[in-house]
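Quick caveat: nothing in here was measured; it's all calculated off a predicted structure. FYI, the numbering just counts along the sequence from 1.
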Amino acid sequence: MGLLDGKTALVTGASRGIGRGIAIELAREGAAVAVAARTVSPDSPARVDGDGARVGGSLDGLVVQITNEGGQAVAFPCDLSHADQITALANAVRDRFGRIDILVNNGMPQHTMTGRFWELPAEVYEGQMTIGPRSYFLAARACVPMMIEQRGGVVVNISSPGSCIDFYGAAYSVARAASDRMVQAFATDLDGTGVRAYSLWPSYIRTERLVMAAEGQPAGFDVPEGFDPATGANSPEMVGRGIARLAADEKDEMERNGKVVTLAELSDYYGFSDTDGRPAIRHMFIDPMIENFGRVFPLAFEKIAK
């Protein structure tokens, strides 16, 4: 028996990275998983992103992996920069599975994320906001009415501490802050519906791009000198393990609805570890942030300072 037997999950940005790992782990816990992204076939050329990085991964390859493990997954091509495609995606998933119980908003634009804001092209900001919080909002807008009909569901926005400290540039920080604040507003509107909303901060995750950055390849961001992804980062599946337990905890005994949760916090509370048995990597930024700024945080971050 899996934690999510009988549930359907929709994961955006699922062809690679964190989204891919989330989809794999939700399927392992019994969910039927709808995976959405632009890159469908493994025969497609490796995408050349806005920062020049060439990153592989495809929906079809992901579906094959999940199916070979005994899970259920269906690929849904979608460009998250188009509002009509997001609406069509939600409707197609409901038509295919009959319900949507879990929405994981993981779309992330791939542009250079570092640099002073006035030196970056305007499309960096536009991409961060369009593929980030705009697509998160529109996907939730399309899926939540179905969840309300079902009297239950979970929306999870993938975000990061970049929402309140600056390490990937202004455009990234603004987009992450919007994603975090969004779930707070969602939770207010959803009060009494049985639908919950969270923003999740993973720490370093061993994505294709993180490995590329550690190897000195163009990845759109830098990592500390000497950083080793094998020991300093969790697997993408670890994020899925956290989401599975959060979604299965319908009583929300953590009382985190409408707030930010960290992967380390979920790991501590629910008692799970990574695929290699290691615990969640903790955010190196949070303790110094609290020490330096005390309780000067938006309400969404109030729990961090407690």
Positive for side-chain contact (heavy atoms from CB on, under 4.5 Å) with Leu62, one of Thr39, Thr67, Ile24, Val11: Ile24
Approximate separation, where rounding is to 0.5 Å, of Arg282 CZ and Glu265 CD: 9.0 Å
Ring-face cation contact, Tyr172 with Arg176, 6.0 Å cut, 45° max: yes
Backbone N/O of Arg38 and side chain of Asp79: donor-acceptor pair under 3.5 Å: no
Any Val239 side-chain heavy atom under 4.5 Å of Glu25 side chain: no
Lys/Arg-Asp/Glu bridge criterion (N-O < 4.0 Å) met for Lys7, Glu250: yes
Rounded distance (nearest 0.5 Å) linking atom CD of Glu29 with atom CG of Leu3: 4.0 Å
Any Ser179 side-chain heavy atom under 4.5 Å of Pro133 side chain: yes
Flag if over 12 foreign heavy atoms under 6.0 Å of CZ, Phe97: yes
Pair Arg256 + Asp249: basic N to acidic O under 4.0 Å: no
Side-chain touch Glu149/Arg94, heavy atoms, less than 4.5 angstrom: yes
Side-chain (Asp180) to main-chain (Ala177) donor-acceptor, under 3.5 angstrom: no
Shortest non-hydrogen contact between Ala140 and Val155, atoms and distance: CB-CG1, 4.4 Å
pair Ile158-Val156: side-chain heavy atoms closer than 4.5 Å: yes
Sub-4.5 Å side-chain heavy-atom contact between Ser159 and Ser199: yes
Heavy-atom side-chain proximity of Asn105 to Leu103 below 4.5 angstrom: yes
Flag, side chain of Thr12 to backbone of Asn106, donor-acceptor distance under 3.5 Å: yes
Donor-acceptor contact present, side-chain Arg196 to main-chain Val154, <3.5 Å: no
